[in-house]
Amino acid sequence: MDPRTRPYRSVLYIPGSKPRALDKAKTLPVDAIIFDLEDAVSVDEKVNARATLTQALAEGDFSPRMRIVRINGLDTQWGFDDARAAAAMNCDAVLLPKVSSPDDLDALAEITGDLPIWAMMETPRGMLNAAAIAAHPKLQGMVMGTNDLAKELQTRFRADRMPMMAGLGMCLLAAKAEGLIIVDGVYNAFKDAEGLAVECAQGRDMGFDGKTLIHPAQVDVANVAFAPSDEDLDLSRRQIAAFDEAVATGQAVAVVDGRIVENLHVATARELLAKAEVIEALQAG
Ligand SMILES: CC(C)(COP(=O)(O)OP(=O)(O)OC[C@H]1O[C@@H](n2cnc3c(N)ncnc32)[C@H](O)[C@@H]1OP(=O)(O)O)[C@@H](O)C(=O)NCCC(=O)NCCSC(=O)C[C@H](O)C(=O)O
Ligand SMILES: [Mg+2]
């Protein structure tokens, strides 16, 4: 599937060190998986996790899920070996943590060659350099690292994520300007489905393609939040029909439910319908 048209509603982190969780992933209705060698793996397990993950990806069928391997930073003792190992793994992309400038991506691309790169956006410098990072030729997607960002900014958790908004907005602008995929950060309270739903709705409304997740219990909430709803689809169909009718009578604008519909709204409506079709096809297997 074309990586740019596939859905990214639910993007689940799985510790690369946990064979049981790696196995479970094959049964979960997630759109993408981040196989983690970084923060989900303890220092003592780092080297073994690389081998466990290499084997799981070689032997396991994770399709149709997108397979992204998150390595340790290249400034750590594991980073370069992780990058070399990821380049040879049966995966679709490699994810670099704490990207602060395009130079970080150059260093990784020297090792991983043509493998698409994703960037964790989670440092203040990364936010300030978001446009230059997004313009890197090997970059396919961005993942918000809101835990690291909160640590660096010394912000406190707020349900409205007000302290995060500048960073989230800058990365969104950068990703959209370059036509990249961009996925929102995790919601740490993995047993709080209600709070997760609120944060997913906020991320969806801002324009994120989906949500990164840490536990299987979060998958359904994200899949619903980031898929077009029945109401969205009904409105899209009515907008297209009304606009076609207006054009047929020489008008450039239609009115649906008291709101104007112009060609740009019709383009959005068509995109929504196309997205729903891709999701349906994916779910049908
Ligand atoms: C949070 C957890 C440690 C909880 O684990 P556990 O206590 O094992 O949960 P459960 O007993 O409820 O698990 C039930 C079953 O589900 C499987 N499981 C659990 N988590 C996952 C998962 N992430 N993927 C796949 N499967 C999972 C268990 O194996 C159980 O299976 P079974 O026994 O067969 O029924 C744990 O969920 C966990 O480790 N989550 C991942 C944490 C993680 O990835 N952290 C790093 C990413 S977050 C981050 O770094 C973001 C960013 O960088 C930032 O800065 O913000
Ligand atoms: Mg992080």
Side-chain angles (χ1 to χ4, degrees), residues 8-46 49-50 52-53 56-57 60-62 65-76 78-79 82 93-100 104 118-127 130 133 141-158 161 163-164 167-168 171 182-193 195-196 199-200 203 208 210-223:
Y8 293 90
R9 297 165 298 168
S10 48
V11 180
L12 179 66
Y13 283 98
I14 303 186
S17 53
K18 292 193 177 166
R20 202 178 166 92
L22 288 166
D23 238 17
K24 192 170 182 88
K26 296 173 201 153
T27 68
L28 299 172
V30 292
D31 290 336
I33 299 170
I34 296 176
F35 297 96
D36 196 17
L37 296 173
E38 200 215 16
D39 285 351
V41 176
S42 72
V43 166
D44 292 346
E45 290 177 310
K46 291 280 188 199
R50 207 183 288 142
T52 302
L53 183 54
L57 283 165
D61 180 5
F62 292 92
R65 302 161 193 85
M66 170 99 173
R67 299 157 301 177
I68 303 166
V69 173
R70 181 167 78 165
I71 64 172
N72 287 283
L74 296 180
D75 56 349
T76 69
W78 308 282
D82 283 355
V94 59
L95 171 61
L96 187 65
K98 302 177 181 67
V99 174
S100 287
D104 298 341
W118 285 51
M120 289 296 310
M121 300 301 290
E122 50 187 354
T123 68
R125 198 165 298 284
M127 304 299 113
I133 292 167
M142 289 180 157
V143 178
M144 296 310 307
T146 41
N147 279 318
D148 269 302
L149 189 58
K151 169 181 167 279
E152 297 296 316
L153 297 178
Q154 296 164 315
T155 60
R156 298 184 65 178
F157 173 80
R158 281 175 57 133
R161 295 200 292 174
M164 294 277 157
L168 295 175
C171 292
I182 180 160
V183 186
D184 201 356
V186 297
Y187 187 73
N188 292 341
F190 62 90
K191 293 183 179 162
D192 173 14
L196 173 65
E199 200 168 283
C200 283
F208 285 103
K211 186 92 176 149
T212 43
L213 309 172
I214 49 175
H215 190 276
Q218 298 183 308
V219 175
D220 289 343
V221 173
N223 278 347

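Each ligand, and each atom within it, is numbered from 1 in the order the structure gives. Everything numeric in this text was worked out from a predicted model, so none of it was measured.
- Shown here, atom 21 (C) of ligand 1 is in close reach of the protein: a heavy atom of it lies under 4.0 Å off.
- Looking at D148 and the Mg ion (ligand 2) together, the shortest N, O or S contact belongs to OD2.
- For the pair K98 (side chain) and E122 (backbone), a donor-acceptor distance under 3.5 Å is absent.
- Here the side chains of P29 and N223 are in contact, with some heavy-atom distance below 4.5 Å.
- For atom 55 (O) of ligand 1, the nearest protein heavy atom lies under 4.0 Å away.
- The Mg ion (ligand 2) does not have D39 among its coordinating residues (no N/O/S atom, backbone or side chain, under 2.8 Å).
- The closest non-hydrogen atom to atom 31 (O) of ligand 1, taken over K24, K26, H215, E152, comes from K24.
- A salt bridge (Lys or Arg N to Asp or Glu O under 4.0 Å) with K211 is found for one member of D184, D31, D220 and no other, namely D184.
- At a threshold of 4.5 Å between non-hydrogen side-chain atoms, the residues V186 and N188 count as touching.
- Pairing each heavy atom of T52 with each of L22, the nearest pair is CG2-CD1, 4.0 Å.
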Item to complete: Would you check, one step at a time, whether the test side chain to side chain contact (heavy atoms under 4.5 Å, CB included) holds for M121 with I182?
Response: CA-CA 10 Å; M121 300 301 290; I182 180 160; 6.0 Å; no
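- Atom 8 (O) of ligand 1 is not flagged as protein-proximal [any protein heavy atom, distance under 4.0 Å].
- Between L57 and V69 there is a side-chain heavy-atom pair separated by less than 4.5 Å.
- Neither the backbone nor the side chain of V143 has a heavy atom within less than 4.0 Å of ligand 1.
- There is a protein heavy atom less than 4.0 angstrom from atom 45 (N) of ligand 1.
- Remark: atom 37 (O) of ligand 1 lies closer than 4.0 Å to at least one protein heavy atom.
- Distances from atom 19 (C) of ligand 1 to the heavy atoms of P216, G145, S17, A21 show the closest one on P216.
- Taking a 4.0 Å cut-off on heavy atoms, K151 fails to register as neighbouring ligand 1.
- Between the CD1 atom in I34 and the CZ atom in R67 there is a gap of 14.5 Å [rounded to 0.5 Å].
- In this structure, the protein non-hydrogen atom closest to atom 1 (C) of ligand 1 is F190 CE2, 3.6 Å.
- Taking the six-membered ring where tryptophan is involved, the planes of F35 and F62 are perpendicular, since the angle between them exceeds 60° and thus also 30°.
- In summary, the atoms of ligand 1 found under 4.0 Å from a heavy atom of E122, numbered by their order in the structure, are 52 (C), 53 (O), 54 (C), 55 (O).
- Close approach of ligand 1 to M120 is summarised as follows: ligand atoms under 4.0 Å from at least one heavy atom of the residue are 52 (C), 53 (O).
- Interface of D36 with ligand 1, defined as ligand atoms under 4.0 Å from a residue heavy atom, comprises 46 (C).
- A heavy-atom distance below 4.5 Å is found between the side chains of L149 and M127.
- With rounding to the nearest 0.5 angstrom, the CG atom of D36 is 4.0 Å from the CZ atom of R70.
- In terms of N/O distances under 3.5 Å, ligand 1 is approached by N147.
- Residue E122: an N/O/S atom is found under 2.8 Å from the Mg ion (ligand 2).
- Salt bridge annotation for D61-K26: absent, with no cationic side-chain nitrogen under 4.0 angstrom from a carboxylate oxygen.
- If you check each of I214, I14, T146, V219 against atom 42 (C) of ligand 1, the one with the closest non-hydrogen atom is I214.
- Distance check for atom 50 (O) of ligand 1: a protein heavy atom is found below 4.0 Å.
- Ranking the protein heavy atoms by distance from atom 43 (C) of ligand 1 puts A40 CB, 3.5 Å first.
- Considering only heavy atoms from C-beta on, M120 stays 4.5 Å or farther from D148 through its side chain.
- Put simply, part of P15 is less than 4.0 Å from ligand 1, judged by heavy atoms.
- Remark: among candidates R70, K18, E38, R20, the nearest residue to atom 53 (O) of ligand 1 is R70, based on non-hydrogen atoms.
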